[in-house]
Structure formats: C-alpha cells, structure tokens
Engineer: 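One structure, pasted below without further comment.
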Amino acid sequence: MAFISSGYNPDKPMENRITDIGPRNFEEFYPPVIKKNKGAWDYHEIVKPGVLKHVGLSGDVVYTVRVGGARLMSVTHIREICEIAEKHCGGHLRFTTRNNIEFMVETEAALDALTADLASRKFAGGSFKFPIGGTGACVSNIVHTQGYVHCHTPATDASGPVKAVMDDMFEYFQSMTLPAMVRISLACCLNMCGAVHCSDIGIVGIHRKPPIVEHDRLDNICEVPLAISACPTGAIKPAKVEIDGKKVNSVAVNASRCMYCGNCYTMCPAMPLASGEGDGIVLMVGGKVSNRISMPKFSKVVVAFIPNEPPRWPTLTKMVKQIVEVYAKEARKYERLGEWAERIGWEKFFELCDLEFTHHCIDDFRDPAYYTWRQSTQFKFTKHIEA
Ligand code: HEM
Ligand code: SF4
Ligand code: SF4
C-alpha cells in the first residue's frame with residue numbers, strides 16, 4: 001500500500017509529541033448498572049456454566065456471560081465482539097485476567113437472547129467462536145505466551161498446543177464437575193512469561209542441547225560479561241578463539257554444566273540453542289495463587305520431557321487429560337490439584353496418574369535442592385518398586 005502519513009513529521013520527531021498520558025480511565029467504559037452499583041454488591045451466584053448473576057444492595061441485577069477467547073485474535077473478530085456488545089449490551093464488554101470475554105446484561109430475557117446468539121456463532125472450520133463457560137470448578141482458559149508466532153527464544157509453540165489441549169478439555173470448560181478449579185498455563189520457554197510456575201497444570205517449553213557459539217560474530221554483537229553472568233550454573237567463561245589466523249574474543253560453554261536454560265541466548269544473539277528434535281515440553285503440576293485453605297504453591301515438575309508433536313501435540317494432550325481425570329476422580333471437594341497431591345503424597349500421585357518417575361524430577365539446583373528430598377521414614381510403598 002502506498003504510504004499514508006498520520007500527520008507525524010519524521011523531520012521533527014519531537015514536535016506535537018504526546019507522551020506519558022497512560023491508559024484510559026476504566027470508569028469511562030462501565031456499563032451503567034456497574035457504575036451505579038460500584039462498591040455496593042450484595043452477593044453473586046453462578047446461574048449455570050459460564051453465566052454469573054450479581055445482585056446489588058439496591059436490588060439491581062447484572063448477568064455476566066463468559067465466553068472463551070483464543071487470546072490471539074484478528075480485528076475482524078474484535079469487531080464481531082463489538083457487534084455482539086452493541087446488539088445486546090449497550091456497547092459494553094470486558095476481558096478477564098485469563099483472556100476470556102464477558103458480556104453483561106440486566107434481564108433474563110436479554111440473557112436468553114445473548115446466550116442463544118453466542119452459541120450460534122461458528123468459524124467456517126466448525127470451531128465455536130464464543131463458547132460459553134469458564135466459571136466455577138472448571139478448566140477455564142489457558143494463560144499462554146507467544147510461541148513460534150512472535151518470540152525468538154521459544155522451545156515450543158503456544159497457540160498450537162493451547163488449541164489442542166483446550167479441544168480435549170472442552171467438556172470441563174463448559175461444565176463445573178471438578179473438585180475445584182483447574183488452572184492450566186503454558187509458557188514456551190523457561191522465562192515462564194505468565195503463570196506456569198503457579199498453576200494447577202503448567203506446560204513449559206524446554207531445550208535439551210547446549211547453545212551453539214558463533215565465535216565469528218559473538219564479540220561484535222554481545223556484551224560478553226552479560227552472557228557470562230546470565231548463566232545460572234556458571235557454565236560460561238571468556239575465551240580467545242582463533243578464526244582465519246585472527247584472535248577474537250568469545251566465550252566457551254562447559255557443556256556438562258549447561259542445563260540448556262537459554263538465558264545466555266537472551267543476552268547474546270550469537271548463542272542460539274533452539275533444536276527441532278531437542279526441544280519439547282515439561283509438565284508441572286500442583287501450583288496455586290489463592291490463599292484459600294492452603295497457602296499459594298509453586299507447581300512441580302512431574303514429566304521431564306514430552307516431544308514437540310505439531311500440530312496437535314498428542315502425547316501432551318493425553319497426559320494433561322490423564323492427570324485431570326485422575327484428579328477429578330480422587331480429590332475431595334474444594335481440594336486443588338496441589339493440595340490433593342500433597343495430601344496423598346507425591347509417590348501416590350505418580351502411581352495414580354500412571355506417570356513414570358525419572359531422576360530428572362529430583363531437584364539438584366544449589367542448597368535449596370536438599371529441602372526437596374525426603375528427610376523422613378514416612379512414605380508409602382507403590383507399584384513402582386515392584387518392577
Ligand atoms: C551508561 C549507562 C547506562 C546504560 C548504557 C543503560 C542502558 C540501559 C538499557 C539498554 C536498558 C534496557 C532498556 C530496555 O528495556 O529497552 C536500561 C534499563 C534501565 N536502566 Fe539503564 N543504563 C545506564 C545507566 C543507568 C543508570 C545510572 C540507572 C539508574 C540510576 C539506570 C536504570 C535503569 C532502569 C531502572 C532500567 C529499567 C527501566 C524499565 O524497564 O522500566 N540505568 N538501561
Ligand atoms: S515464555 Fe519465553 S519464549 Fe515464550 S514468550 Fe515468554 S520469553 Fe518468549
Ligand atoms: S543455556 Fe543456560 S545453562 Fe547453558 S550456558 Fe547458557 S545460560 Fe548457561
């Protein structure tokens with residue numbers, strides 16, 4: 001397309017420049033019933049999966065319909081969301097902290113019209129555009145990251161595996177049959193953008209090969225001390241390397257100390273480590289952020305490696321489903337996955353979920369690793385020892 005100026009003058013970049021104005025104030029976008037009853041809500045109930053009812057002290061009622069969002073969406077799709085909001089909700093809507101979309105109405109008649117409209121909308125491929133659900137003891141949306149769509153450090157994709165897992169979890173998105181909510185999150189590398197470290201189920205991309213050191217350009221494009229200090233295990237040291245008879249500054253990686261975190265590549269573009277067959281996924285379970293009953297917990301590694309299997313990641317989806325189904329059957333009401341695993345003991349968790357326990361899951365990172373081992377004679381025999 002031919003260039004169309006917005007009015008910005010590249011010859012005088014600072015002229016008419018507006019800065020530090022921050023976001024729009026959220027109050028500008030409140031539906032009237034929210035504005036009126038703000039801070040004066042009495043109670044709420046979940047009418048059915050995906051539909052909430054809040055009642056104000058004034059007696060005012062607001063129904064909220066929560067629908068799944070793919071997070072990555074086109075302007076066309078956002079326009080369709082706006083069209084729905086115009087038609088049913090006076091032009092108002094909001095997005096949740098798990099990237100679902102919520103439409104609000106004030107009467108039961110409006111609620112029925114809205115839900116019927118939402119349920120009728122599908123993409124040409126057959127997927128629901130606005131599946132209703134994500135409330136109560138369910139699997140709601142998967143908090144996820146950029147993957148191969150936009151980041152340069154991923155060890156797996158984000159949008160692809162999330163679609164595959166949500167297809168498998170769809171019945172749990174649309175129902176409220178679990179002991180408690182199950183939060184699933186995905187990060188495509190160990191930077192863990194998002195919530196994988198504190199989710200019931202965390203899916204994390206990992207590498208299994210040390211970085212390649214591009215000696216010929218490293219000193220020109222990297223701040224060597226930054227790369228060295230990026231390494232959590234001290235695997236990198238400065239090195240002089242001879243290329244075409246010329247001595248250049250570079251680094252040397254001690255491969256037996258490297259655990260492929262990729263942090264040096266984040267600092268130094270001359271240390272790439274992505275690998276088609278080397279990269280894959282780690283499964284973590286048992287994290288939570290709420291204070292309900294037990295304190296917040298980190299999620300823990302239970303499957304050290306699952307290969308990347310685009311486009312549907314069948315091994316990954318099977319394992320996630322297996323864990324959710326066993327948890328759904330075994331855990332008590334209100335018990336989060338981590339609370340359940342800690343109550344029955346991790347050895348029982350591995351047994352019930354039929355997961356192979358490998359040495360990779362045993363912490364070996366610095367002094368705190370010691371506190372993850374068992375300094376007690378308290379344990380249960382499991383079928384693992386019969387083998
Ligand atoms: C020659 C001196 C310095 C250089 C070359 C430098 C360079 C940088 C660079 C490249 C970044 C990252 C920007 C980005 O994320 O895009 C940064 C961020 C930052 N620098 Fe410096 N810096 C210098 C001195 C300082 C000093 C003296 C201070 C504080 C007293 C400072 C405080 C910060 C902070 C707070 C950030 C993070 C800003 C943010 O992301 O919110 N820097 N600096
Ligand atoms: S998790 Fe890693 S690869 Fe994924 S978006 Fe964040 S930094 Fe990029
Ligand atoms: S990948 Fe991680 S562990 Fe390996 S050398 Fe780089 S920073 Fe160190």
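Atoms within a ligand are numbered from 1 in the order they appear, just like the ligands themselves.
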Engineer: Can I get a per-line list of side-chain donor-acceptor pairs under 3.5 Å for residues 228-235, giving both atom names and the distance, sequence neighbours left out?
Structural biologist:
unit_1: Ser229; atom_1: OG; unit_2: Pro225; atom_2: O; d: 2.9
unit_1: Ser229; atom_1: OG; unit_2: Leu226; atom_2: O; d: 3.2
unit_1: Thr233; atom_1: OG1; unit_2: Arg257; atom_2: O; d: 2.9

Engineer: Which heavy atom of the protein is the closest neighbour of atom 6 (Fe) of ligand 2, given with residue, atom name and distance?
Structural biologist: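 Its nearest protein heavy-atom neighbour is Cys193 SG, 2.3 Å.
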
Engineer: Do the side-chain N and O atoms of Asn249 and Lys240 include a donor-acceptor pair separated by under 3.5 angstrom?
Structural biologist: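 A pair is found: one side chain offers a donor N or O, the other an acceptor, under 3.5 Å apart.
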
Engineer: Which atoms from ligand 2 have a heavy atom of Gln146 less than 4.0 Å away?
Structural biologist: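 Result: 5 (S).
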
Engineer: Are Arg66 and Glu102 within salt-bridge range, i.e. N to O under 4.0 Å?
Structural biologist: yes

Engineer: Please work out whether the ring planes of Phe130 and His77 are parallel, tilted or perpendicular, with thresholds of 30° and 60°.
Structural biologist: parallel

Engineer: May I ask you to identify the nearest protein heavy atom to atom 8 (Fe) of ligand 2, giving residue, atom name and distance to one decimal place in Å?
Structural biologist: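 Ranked first by proximity to atom 8 (Fe) of ligand 2 is Cys151 SG, 2.3 Å.
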
Engineer: Got the closest protein heavy atom to atom 4 (Fe) of ligand 2, with its distance?
Structural biologist: Cys188 SG, 2.3 Å

Engineer: Below 2.8 Å of atom 6 (Fe) of ligand 3, tally up the protein N/O/S atoms for me.
Structural biologist: 1

Engineer: Among all the protein's non-hydrogen atoms, which is closest to atom 2 (Fe) of ligand 2, and how far away is it?
Structural biologist: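 Residue, atom and distance for the closest contact: Cys189 SG, 2.3 Å.
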
Engineer: Please confirm whether the ring centroid of Phe357 lies under 6.0 Å from the ring centroid of Trp346.
Structural biologist: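 Ring centres of Trp346 and Phe357 not closer than 6.0 Å.
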
Engineer: From atom 7 (S) of ligand 2, work out which of Val149, Asn191, Thr145 has a heavy atom at the shortest distance.
Structural biologist: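 Of the listed residues, Asn191 has the closest heavy atom.
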
Engineer: Which side-chain N or O atoms in residues 162-179 pair as donor and acceptor under 3.5 Å with protein atoms at least two apart or in another chain?
Structural biologist:
unit_1: Lys163; atom_1: NZ; unit_2: Ser127; atom_2: OG; d: 3.3
unit_1: Lys163; atom_1: NZ; unit_2: Asp167; atom_2: OD1; d: 2.9
unit_1: Lys163; atom_1: NZ; unit_2: Asp167; atom_2: OD2; d: 3.4
unit_1: Asp167; atom_1: OD2; unit_2: Arg312; atom_2: NH1; d: 3.1
unit_1: Asp167; atom_1: OD2; unit_2: Arg312; atom_2: NH2; d: 2.9
unit_1: Ser175; atom_1: OG; unit_2: Glu171; atom_2: O; d: 2.6

Engineer: Any side-chain heavy atom of Trp313 sitting closer than 4.5 Å to one from Asn308?
Structural biologist: yes

Engineer: Please tell me whether His54 and Tyr43 form a close aromatic pair, meaning their ring centres lie under 6.0 Å apart.
Structural biologist: no

Engineer: Glu342: which residues meet the side chain to side chain donor-acceptor pair (under 3.5 Å) condition with it, sequence neighbours left out?
Structural biologist: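 Listed in chain order: Lys297.
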
Engineer: Can you tell me the protein heavy atom closest to atom 3 (S) of ligand 3 and the distance?
Structural biologist: Met259 N, 3.4 Å

Engineer: If the cut-off is 4.0 Å to any non-hydrogen atom of Pro154, which atoms of ligand 2 fall inside it?
Structural biologist: 3 (S)

Engineer: Counting each atom of ligand 3 from 1 as listed, which ones have a heavy atom of Thr233 under 4.0 Å away?
Structural biologist: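 So the atoms of ligand 3 that pass are 3 (S).
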
Engineer: Check whether the side chains of Asn141 and Asn99 place a donor and an acceptor atom closer than 3.5 Å, and report yes or no.
Structural biologist: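 Side chains of Asn141 and Asn99: no pair found under 3.5 Å.
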
